[in-house]
Amino acid sequence: MNKKIKLSAGAGVVLSGLIATMLYLRHTTVAVLEPRGIIAHQERSLLFFGLIISLVIVIPVFGLTFFIVWKYRESNTKATYSPDFDHSRIAETIWWVVPSILIVIISVVTWNSSHSLDPFRPIASAVPPITIQVVALDWKWLFIYPEQHIASVNMVQFPVNTPVNFVITSDAPMNSFWIPQLGGQIYAMPGMSTSLHLSASQTGSFRGSTANISGRGFADMVFTAKASTDLAFKQWVNDAKQSVDRLTFATYNQLAKPSSGHQVAYYSSDQLGLFDTVVLKYMTPGMEGIIR
């Protein structure tokens, strides 16, 4: 009777855990599981693929483990006792062939996805892409629109169904740029320029953040990524151009000073080469005198 009670209690704990997990997921938004862009959709498919492959391995292993433990328990005198057993062609075939097949499948998927989801690979589209330069600061994000001659802090907007070429660097400790509902993260490093191509498949506002701990202001280093209609984006650009604040080397130096919880800000920007100067200041002697 005690064993039955223990088994029932164990089963109850497992079932309660599963129910609690399902209720949590039902009432909680998991950004990576609710993609709003073509890259994020492909990445979610890879997550599900990895989950399925894992279950193909985990379920049989744990199932056999519990079966063996239960069947060959001390109290089960009906179980066959075979101390000299050391070979089974069926068992060896299974544990060599099945993992080999899984490895081949995983290798093919990894090879294909590594090329198709290369962050440096432009997104094929009939719509011309938009370029946005990103600078990770302590502890805020600066977005520069070189074609629109504007800039913004902790707010980035772009047209829906339009490829966005993010060119990313850092003027602070190494960081990581991430918009979970649109695609994976990529590192922002001082003295280097990296790229990330994303596209939103529907309008909306999405949470962006840093995925790399970078100091005491890390938790507040968030931004809003907004995908809008073409008309709304053009209106937003025109409004930003009317800003009385101009992004110059002087204003950039003030902006680059460490601060957390920075409010959204907009700048009209005619300072050509600002992004390149930020990158080169760590590589070229004398550049640090322009941006301190």
Side-chain angles (χ1 to χ4, degrees), residues 39 117-123 129-158 163-180 182-199 206-218 220-225 240 245-260 262 264-292:
I39 301 299
L117 293 176
D118 182 356
F120 283 84
R121 181 176 182 174
I123 297 174
I130 178 176
T131 297
I132 301 176
Q133 298 168 336
V134 184
V135 182
L137 301 171
D138 278 333
W139 286 272
K140 62 191 80 72
W141 293 95
L142 172 64
F143 300 96
I144 303 173
Y145 293 72
E147 298 166 352
Q148 288 75 24
H149 303 292
I150 62 171
S152 59
V153 176
N154 288 343
M155 171 68 184
V156 59
Q157 186 165 331
F158 41 82
V164 182
N165 175 24
F166 289 103
V167 186
I168 306 165
T169 192
S170 175
D171 195 6
M174 186 176 75
N175 224 298
S176 184
F177 179 77
W178 191 27
I179 309 175
L182 297 184
Q185 62 85 27
I186 192 165
Y187 286 103
M189 294 168 282
M192 297 184 66
S193 176
T194 55
S195 293
L196 179 65
H197 292 84
L198 300 176
S199 178
F206 317 111
R207 186 178 188 271
S209 67
T210 170
N212 190 76
I213 296 177
S214 56
R216 63 178 175 82
F218 160 77
D220 296 323
M221 195 171 173
V222 296
F223 63 92
T224 299
D245 296 321
R246 296 183 63 251
L247 185 61
T248 62
F249 286 129
T251 54
Y252 174 83
N253 288 331
Q254 292 297 317
L255 183 64
K257 294 180 179 179
S259 66
S260 59
H262 198 286
V264 173
Y266 302 100
Y267 298 87
S268 57
S269 175
D270 292 323
Q271 186 67 68
L272 299 177
L274 175 60
F275 180 86
D276 294 333
T277 303
V278 172
V279 176
L280 291 174
K281 68 177 279 190
Y282 295 95
M283 304 169 63
T284 306
M287 282 291 185
E288 66 275 8
I290 301 175
I291 296 181
R292 300 180 184 273

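With values rounded to the nearest 0.5 angstrom, S269 atom OG is found 11.0 Å from Q148 atom CD. If you take CD1 on I213 and CZ on F218, they are separated by 5.0 Å, rounding to the nearest 0.5 Å. To the nearest 0.5 Å, the span separating CG on D220 from OG1 on T210 amounts to 12.0 Å. Interatomic distance, CD1 of I130 versus CZ of F166, reported as 8.5 Å (0.5 Å rounding).
Among the candidates S260, P173, S259, the single residue satisfying the side-chain contact (heavy atoms from CB on, under 4.5 Å) test with D138 is P173.
One N or O on the side chain of W139 and one on the backbone of S214 form a donor-acceptor pair closer than 3.5 Å. At distances below 3.5 Å, not a single donor-acceptor pair connects side-chain atoms of K281 with backbone N or O atoms of D171. Formation of a donor-acceptor pair under 3.5 Å by the T251 side chain with backbone atoms of R246 is found in this model. With T169 contributing its side chain and M189 its backbone, the two residues share a donor-acceptor pair below 3.5 Å. Of the possible polar contacts, none joining the W178 side chain to the Y187 backbone as a donor-acceptor pair under 3.5 Å is found.
Two rings, from Y252 and Y267, have their centers 6.0 Å or more apart.
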Test side chain to side chain contact (heavy atoms under 4.5 Å, CB included) on T224 and V264; report intermediate values, then the result. CA-CA 9 Å; T224 299; V264 173; 5.9 Å; no
Can you check side-chain hydrogen bond (donor to acceptor under 3.5 Å, both in side chains) on S170 and N175, steps first, answer last? CA-CA 7 Å; S170 175; N175 224 298; 5.6 Å; no
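The shortest non-hydrogen separation linking F177 to F143 is CE1-CE2, 3.7 Å. The shortest non-hydrogen separation linking P146 to T131 is CD-O, 3.6 Å. Nearest approach of F275 to V135, heavy atoms of both residues: CD1-CG2, 3.8 Å.
Few gaps surround CE on M174; more than 12 heavy atoms of other groups in view lie less than 6.0 Å from it.
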